[in-house]
Amino acid sequence: MTIQPQIADAGNLPAPFTSFVGRSRELADIHRRLGTTRLLTLTGMGGVGKTRLALEVAAVAAPGYPDGVWLVDLAPVRDPSLMANATAAALELPDSGARPIIDQLANYLAHRSPLIVLDNCEHLADACADLAHALLSASPGLTILATSRRALGILGEQVCAVPPLAPDDAVELLRDRATAVRPDFRITDDNRAQALRLCADLDGLPLAIELAASRLRTLSIDEAVHRLEDRFGLLTSGNRGARPHQRTLRALIDWSHELCAPAERLLWNRLSVFADDFGLAAAEAVCAGDGIDRREVVDLLDRLVCQSVVLPTESKGTPRYRLLETLREYGQERLAESGEEQRTRQRHHAFYLALAERVADGWYGPGQLESLALMRAEHANLRAALERGGDPQTTLALAAALRFHWCDGGFLGEGRRWLDRALAAAPAPTPARARALWIAAWVAALQHDHRASYRWLEEAGELGERLDDVEVRAHVQSLRGTLALFGGRLTEAVPLFEAAVATHMETGEEIGAVYALLQMGTAQSLLGDPRATQSCRQAIALAEAHGERLAHGHALWALGYDTWIRGDHDEAWALIRTALEKEQGFNDHARVALMLEEFAWITSARGDREEAGRLLGAACSLWRDTDTGIAAFGPHMVEQHARCENDVIRALGRGAYEKALAEGACRRGPDDAIAYALRTRSEPTATPTAAPAPAPAPGALTSREQDVAALVAQGMSNRQIASALGRSQRTVDGHVENILAKLGCASRARIASWWTANQPPTP
């Protein structure tokens, strides 16, 4: 059946940092024309205000687009083949399949009706035309608003040339921006004529007016007019009528650059290496030295902001900065002329390599969501660092260090492309290549391309043996187990996972053992192996000990799966709820869909068939958006899905089942689906069950285990407990596992509840 989603407000339009001035006629005209065409392109020279006008139109039009308004900034994209990737990232669609990303986009948009703003198309005009044609053909409800210095030239396109500002609007913009840097500035009857003359000299170009307004901090309007006239006179040999708009803007940018202090000019030039916006730490690392003290950077940035050269922005509440594309291009020219370009690009590459390695090394612990948000904000700069890498080995190291950005951030397809390219460019049998090989195999496995994954694993295994790299060997064994599990070869998978766990624990890489343990537990559950519960609980204990979130959630899912197979539906239901809570914010369609599937199976087994149908619908929506399905995770999953679906249909009838399925499918993305699954239902309707067995008394635990349980109840981690008791963390891990097993519970929260309930009352 076809499921049509009912989407809430959505979009990614940035909040403006400055007011929108004038252009009421253009705004109304473009808004009207959007209702009569599916592709409208705003054309005009750089600096005329195309982007600002498009964003204002989009904000005004947003209520008319139920699937949101989305900005795709193409200025940082230099490779035409990455345009679809940039569009998918802007729409928060993970690039998770092995199919081309353009096909994934088309499938995603086929049942949606958004407005997409394709900004800065001119350097990729032909590729933009191809992308727009493909997406408009696939999605009858899609509208595209493009900005470009020239039309895209495809059938059905309407073109709107953006003119310079009208005189009154230009003066109002001058007043607004000058007041921001000089609060006492006023346009009066005495200076209005000169203000009009200044704006006319600047040809009504918004960027030129904003740059000139920043100079009114120290100059009067008369002084600004006379200085500009002198510059234009030199530029055009006195023939003002021959001066084109582009030359006007270039002259003003030249003047702005010259009026900057030497260190300000130097910083402007060096900032041009950033492909998109950047943070203060990046600016300090990349731009300091050779004339700029690191401590000066923040003050110099502030001065460039005051001069309208650098724009303040933010990402997830974190302050960032950016250069307008016209000013970035100018800075790149000056940087190339200075002879510093190569050295600055090397510092840029070194900074992002260090950042990626720091995130990878600290991944298993608190802060995973923040790390993913940082990597997403830096995506264009990371891409630029990969493109410009001089040494193949360091580029390979960067591609490998970004593994969590690729795999958990939703960039699998692009990550595979960079890894393939980097591996081809660096064939030497180095430790960096060995690591990159198993990461490439991991990426391919997540794309369900088993053939490619096995190919990379074979070389990784051979190289790991040759280099005696125990960590590589452990990951190779674990990934081979994953492929066997996904292929339904359960008896082959278990010993591979056992070997991987042993090797990971031998090297002290405990968190690496978590994924092997939880997958081993899943295979053991399906085989009826009683060791499955202990495998899953050990994975949970290790994840908790490291303050880990993603692996912890996955381990809870695995234990919930085992608990469901063993027939304890209530405990399984609670475990999957907790696992879903931990998945919030990560935007992982496939993992959440898998959890929702199991939640549906458990809910059906508890007797609420209608809710099970709704949960299957929510999972179906996520599978559809990523163009995949539960079959990718093994034939056993397909059988259990079919069994649940048949049970629901028998209980409700086909019509009621499809109604429940459609209701659940009205979700927008993983977080919306999780919120729906967890909505206000503390305990769903269930068939009566026998009374639960009484909880063990404290005497069931040894004296040391009681000490550990008491500290768990205080909220301590295993590492903190080890420190408090003077024991190794591994010893404490073992105690926690034993406590979980003896109490028959799955989480530290249950230990805390049990301990509190079993304390004697206070006199």
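Bear in mind the structure is a predicted one, so any value in this text is a computation, not a measurement.
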[Y] versus [X], side-chain donor and acceptor atoms under 3.5 Å:
X      : Y      : answer
Glu645 : Tyr657 : yes
His735 : Glu705 : no
Gln368 : Glu548 : yes
Glu663 : Tyr676 : yes
Trp557 : Glu583 : no
Thr603 : Asp608 : no

Query raised in the report: Should we say atom CZ of Arg435 is surrounded by more than 12 heavy atoms from elsewhere, each under 6.0 Å from it?
Result: no

Query raised in the report: His475 vs Trp438 aromatic rings, parallel, tilted or perpendicular, using cut-offs 30° and 60°?
Result: parallel

Report task. Please work out which of the three classes, parallel, tilted or perpendicular, describes the rings of His448 and Phe633, given edges at 30° and 60°. Result -> perpendicular

Locate the shortest heavy-atom distance separating [X] from [Y]; write the atom from each residue and the value.
X      : Y      : value
Ala572 : Gly560 : CB-O, 3.4 Å
Arg667 : Ala673 : CG-CA, 4.0 Å
Phe404 : Leu372 : O-CD2, 3.8 Å
Phe497 : Gly481 : CZ-C, 3.2 Å
Pro94  : Thr626 : CG-CG2, 4.0 Å
Ser621 : Arg624 : OG-NH2, 3.2 Å

Requested in this report: Kindly determine whether Tyr515 and His504 satisfy side-chain contact (heavy atoms from CB on, under 4.5 Å), including the steps that lead there.
Outcome: CA-CA 11 Å; Tyr515 284 99; His504 278 305; over 6 Å; no

Return yes if some donor-acceptor pair links the side-chain N/O of [X] with the main-chain N/O of [Y] below 3.5 Å, else return no.
X      : Y      : result
Arg549 : Pro366 : no
Ser525 : Gly521 : yes
Glu458 : Tyr454 : no
Asp95  : Glu414 : yes
Asp562 : Cys536 : no
Asp671 : Gly585 : yes

Quick one: are [X] and [Y] in side-chain contact, heavy atoms under 4.5 Å?
X      : Y      : value
Arg433 : Leu437 : yes
Phe411 : Val443 : no
Glu509 : Glu471 : yes
Val708 : Ile739 : yes
Leu596 : Glu598 : no
His379 : His405 : yes
Pro319 : Glu314 : no
Phe586 : Val592 : no

Should the pair [X]-[Y] be classified as a salt bridge under the 4.0 Å nitrogen-to-oxygen rule?
X      : Y      : answer
Glu462 : Arg466 : no
Glu611 : Arg679 : yes
Arg403 : Asp408 : no
Arg473 : Asp469 : no

Report task. Name all residues meeting the salt bridge (charged side-chain N to carboxylate O under 4.0 Å, His left out) criterion together with Glu378; count only those two or more places apart in sequence or in a different chain, and write none if there are none. Result -> Arg320

Query - Asp647/Trp601 under side-chain contact (heavy atoms from CB on, under 4.5 Å): CA gap, chis, key distance, verdict - result: CA-CA 10 Å; Asp647 288 345; Trp601 307 342; over 6 Å; no

Rounded to the nearest 0.5 Å, how far does [atom2] of [Y] lie from [atom1] of [X]?
X      : Y      : atom1 : atom2 : result
Gln584 : Leu678 : CD    : CG    : 6.0 Å
Tyr352 : Met375 : OH    : CE    : 8.5 Å
Glu510 : Met505 : CD    : CE    : 4.5 Å
Leu559 : Leu517 : CG    : CG    : 12.0 Å
Gln519 : Thr522 : CD    : OG1   : 7.0 Å
Leu457 : His450 : CG    : NE2   : 11.0 Å

Requested in this report: Tell me, with the steps shown, if Arg614 and Glu610 meet salt bridge (charged side-chain N to carboxylate O under 4.0 Å, His left out).
Outcome: CA-CA 7 Å; Arg614 288 190 284 262; Glu610 186 175 352; 3.0 Å; yes

Report task. Examine Arg606 relative to Trp573 and say whether NZ or CZ is less than 6.0 Å from the centre of the six-membered ring and inside a 45° cone about the ring axis. Result -> yes

**Report entry** Steps toward salt bridge (charged side-chain N to carboxylate O under 4.0 Å, His left out) verdict (Glu571, Arg566)
**Finding:** CA-CA 10 Å; Glu571 178 69 7; Arg566 289 189 288 103; over 6 Å; no

Query raised in the report: For Leu463 and Val472, what are the C-alpha separation, side-chain angles and deciding distance, and is it a side-chain contact (heavy atoms from CB on, under 4.5 Å)?
Result: CA-CA 9 Å; Leu463 190 52; Val472 169; over 6 Å; no

Requested in this report: Give the C-alpha distance, both sets of side-chain angles, the deciding distance and a yes or no for side-chain contact (heavy atoms from CB on, under 4.5 Å) between His636 and Leu485.
Outcome: CA-CA 10 Å; His636 49 284; Leu485 175 62; 4.3 Å; yes

Query raised in the report: Can you check side-chain hydrogen bond (donor to acceptor under 3.5 Å, both in side chains) on Thr563 and Asp568, steps first, answer last?
Result: CA-CA 6 Å; Thr563 306; Asp568 188 346; over 6 Å; no

